[in-house]
Amino acid sequence: MEFDTQTVHVGEDPKLEPNGDVTVPISLSATFARKDLGDITKGFAYSRLSNPTREALERRLAALEGAKFGLAFSAGMAAEAAIAMSLLKSGDHVVAFEDLYSGTKELFTAVMDERFNVKVTYVDATDTDNVKRAIKPNTKMVWMETPSNPLLKLCDVRAIAEVTKSRDIPFVVDNTFASPYSQNPIKLGADLVIHSTTKYINGHSDSIGGAVLTSNDEFYNKIFFTRMATGGVLSPFDSFLVLRGLKTLAVRMKRHEENAMKVAKFLSEHKAVKKVVYPGLVSHPQYALAREQMRGFGGMVSFFINGGVKEVKSFVTRLKLITLAVSLGGVESLIEHPASMTHGLLPQKEKAGVEDSLLRLSVGIENVNDIISDLDQALSPK
Ligand SMILES: Cc1ncc(COP(=O)(O)O)c(C=O)c1O
């Protein structure tokens, strides 16, 4: 099956449903009758372990990332925490991209380091040699995001996978920004992919969720066990919402990407804008890598306006269609100010490049002329 057919069909089969349901029913039962005594990890026994609606979603997500296994969580952060708790222990070291979602840095710094003595070295992973140089004998994980949040930097997944494979270090890629429509890190050599399904995968800003995808049996078993032991599962209703959202992933992403390219070009030519970062612009320092490892360039555009906080404030208050809000990947356009919002809690040393004039725009699927007009009237007030 092609990708867009998989988004509609994998995990749901009306022929297997007793009443011929065309969509997988929301299976709300907390517990399931068993035919016999014995191992409750096999089949359905209790919804914290497995659930029919969630399992349908997990099968679809695994197919879309080209992975053998999928695990759905109650948040992207629950998925990340489960990976960290399953594969790291006190005394271990992690190499991570310096430009990362702030919540991931908080997990590493305030939880894994301060409470569990797992040290992290943040590197400029746009150069694979920096990743290689940071690896120590006790490095037990390499954690990347590409494109990264919020500066849309890329790292070379194939090249980093060569480094990690030769040293037997698990390599995790957060694929939230690209979505499986534009990039499949496991196919490029990563061992584990995580998603905040809250974003493009669900696509409608009405569910918080996360997922881990892997083809490695050992990692899957460990993370399944951690999820069972800690309980951060995606609810049946959210699983249904995400299954429904996924059906339009390919059509939504096509539109997000077309709109983002037009918006990025418009902003690049605007006199109130200092710099635009979008992997699809030739001016992006890693444009060639984006073309090589991604099938599209995504729907996120970051840009720096002339001025500082005062100019940013007056710009965002003039916006009418685009909403000032964190999160991304929904059908509606959202804008946020990383320095004070998503990345506001980070210590200064972990905020490299997150300047006061930076804005992160999640370009929605509205008519692009309306998005551009809104940006234009807010950037150049009469
Ligand atoms: C790249 C990235 N990864 C992970 C997360 C965490 O996901 P969630 O908010 O679903 O816990 C986010 C949230 O913004 C994100 O942007």
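No hydrogens, no waters, no symmetry mates; every other heavy atom, side chains included, goes into these values. One-based numbering, in listed order, for ligands and for the atoms of each.
Residue, atom and distance of the protein heavy atom nearest to atom 14 (O) of ligand 1 are K199 NZ, 2.9 Å. In terms of protein heavy-atom proximity, atom 6 (C) of ligand 1 is closest to Y101 CE2, 3.5 Å. Nearest non-hydrogen protein atom to atom 8 (P) of ligand 1 is G76 N, 3.4 Å. Summary of contacts: the protein heavy atom closest to atom 3 (N) of ligand 1 is D174 OD2, 2.6 Å.
Between the side chain of N259 and the backbone N or O of N367, no donor-acceptor pair lies under 3.5 Å. Distance alone, capped at 3.5 Å, places no donor-acceptor pair between the T198 side chain and the I208 backbone. Q293 places a side-chain N or O within 3.5 Å of a backbone atom of V157 that can act as its donor or acceptor partner. Distance alone, capped at 3.5 Å, places no donor-acceptor pair between the E145 side chain and the F97 backbone.
In summary, the atoms of ligand 1 found under 4.0 Å from a heavy atom of E80, numbered by their order in the structure, are 3 (N), 4 (C). For ligand 1, the atoms sitting less than 4.0 Å from at least one non-hydrogen atom of N149 are 16 (O), numbered in the order shown with element in parentheses. Of all atoms in ligand 1, numbered sequentially from 1 with element shown, those under 4.0 Å from a heavy atom of G209 are 10 (O).
Taking any N or O of L328, backbone or side chain, none lies under 3.5 Å from an N or O belonging to ligand 1. The shortest N/O to N/O separation between E145 and ligand 1 does not fall below 3.5 Å.
Counting non-hydrogen atoms of neighbouring residues, nucleotides and ligands closer than 6.0 angstrom, the CZ atom of R291 reaches no more than 12 such neighbours.
Side chains of F116 and S90 form no contact here, defined as non-hydrogen atoms less than 4.5 Å apart.
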- salt bridge (Lys or Arg N to Asp or Glu O under 4.0 Å) between E311 and K274, worked out: CA-CA 12 Å; E311 286 72 17; K274 200 162 50 183; over 6 Å; no

